[in-house]
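Counting starts at 1 for both ligands and their atoms, in listed order.
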Amino acid sequence: MADKTNKVPLNVPGKWYVDTSCIDCDVCRTTAPNNFKANEDEGYSYVYKQPETPEEEAQCQEAKASCPVEAIGDDGDE
Ligand code: SF4
């Protein structure tokens, strides 16, 4: 389960985030390309835009379920 106390630095504020356990595998960027981007210099993904539509929310949920190391969280606002 993702840890909201260990978010990667580039996440935009909001409920969705990536934490530091990310292994830069590309699954989330493929699954939810509107919301996840790569920090190619540092080798991790981050949330660059919070989901704004039901479709983006669903893609983020799918990315969270597919992340091999459970680095994606959706409790960043709590
Ligand atoms: S799916 Fe998970 S491990 Fe892979 S790049 Fe995204 S956050 Fe990182």
Side-chain angles (χ1 to χ4, degrees):
M1 190 176 147
D3 179 357
K4 64 187 170 191
T5 65
N6 281 321
K7 294 178 185 179
V8 295
L10 292 179
N11 291 304
V12 293
K15 99 176 185 165
W16 286 90
Y17 61 93
V18 175
D19 80 10
T20 55
S21 64
C22 173
I23 57 169
D24 198 22
C25 75
D26 205 34
V27 164
C28 58
R29 278 125 48 187
T30 303
T31 308
N34 294 349
N35 306 100
F36 292 86
K37 257 191 190 167
N39 177 342
E40 290 174 5
D41 291 340
E42 304 285 336
Y44 63 78
S45 290
Y46 62 98
V47 175
Y48 79 96
K49 185 175 81 73
Q50 295 292 329
E52 293 169 351
T53 65
E55 289 77 16
E56 287 181 355
E57 181 79 23
Q59 288 174 347
C60 288
Q61 292 285 358
E62 190 180 340
K64 180 186 173 197
S66 303
C67 176
V69 293
E70 300 186 3
I72 299 171
D74 63 355
D75 60 349
D77 272 346
E78 294 165 17

Note to self: Looking only at side-chain N and O atoms, does Asn39 offer a donor or acceptor that is under 3.5 Å from a partner on Tyr44?
What the structure shows: yes
Exercise for review: Please confirm if an N, O or S atom belonging to Cys22, backbone or side chain, lies less than 2.8 Å from atom 8 (Fe) of ligand 1.
Suggested key: yes
Among non-hydrogen protein atoms, atom 4 (Fe) of ligand 1 lies closest to Cys25 SG, 2.3 Å
Judged by heavy atoms only, the candidate from Ser45, Ala2, Cys28 nearest atom 1 (S) of ligand 1 is Cys28
From the list Cys67, Cys22, Cys25, side-chain contact (heavy atoms from CB on, under 4.5 Å) partner of Ser45 resolves to Cys22
Look only at the side chain of Asn6 and the backbone of Asp3, and say whether a donor-acceptor pair between them is shorter than 3.5 Å.
no
The atoms of ligand 1 lying under 4.0 Å from a heavy atom of Asp26, numbered in the order shown, are 4 (Fe), 5 (S)
Atom 3 (S) of ligand 1 sits nearest the protein heavy atom Ile23 N, 3.4 Å
Any side-chain donor near an acceptor of the partner, Asp74 and Tyr17, under 3.5 Å:
no
The protein heavy atom nearest to atom 2 (Fe) of ligand 1 is Cys67 SG, 2.3 Å
Checking heavy atoms under 4.0 Å, the part of Val18 that sits near ligand 1 is side chain
Counting heavy atoms under 4.0 Å, the part of Ile72 that contacts ligand 1 is side chain
key: salt bridge (Lys or Arg N to Asp or Glu O under 4.0 Å) evaluation trace for Lys64 with Glu70   = CA-CA 7 Å; Lys64 180 186 173 197; Glu70 300 186 3; over 6 Å; no
Report task. List the steps and the verdict of salt bridge (Lys or Arg N to Asp or Glu O under 4.0 Å) for Lys4 and Asp19. Result -> CA-CA 7 Å; Lys4 64 187 170 191; Asp19 80 10; over 6 Å; no
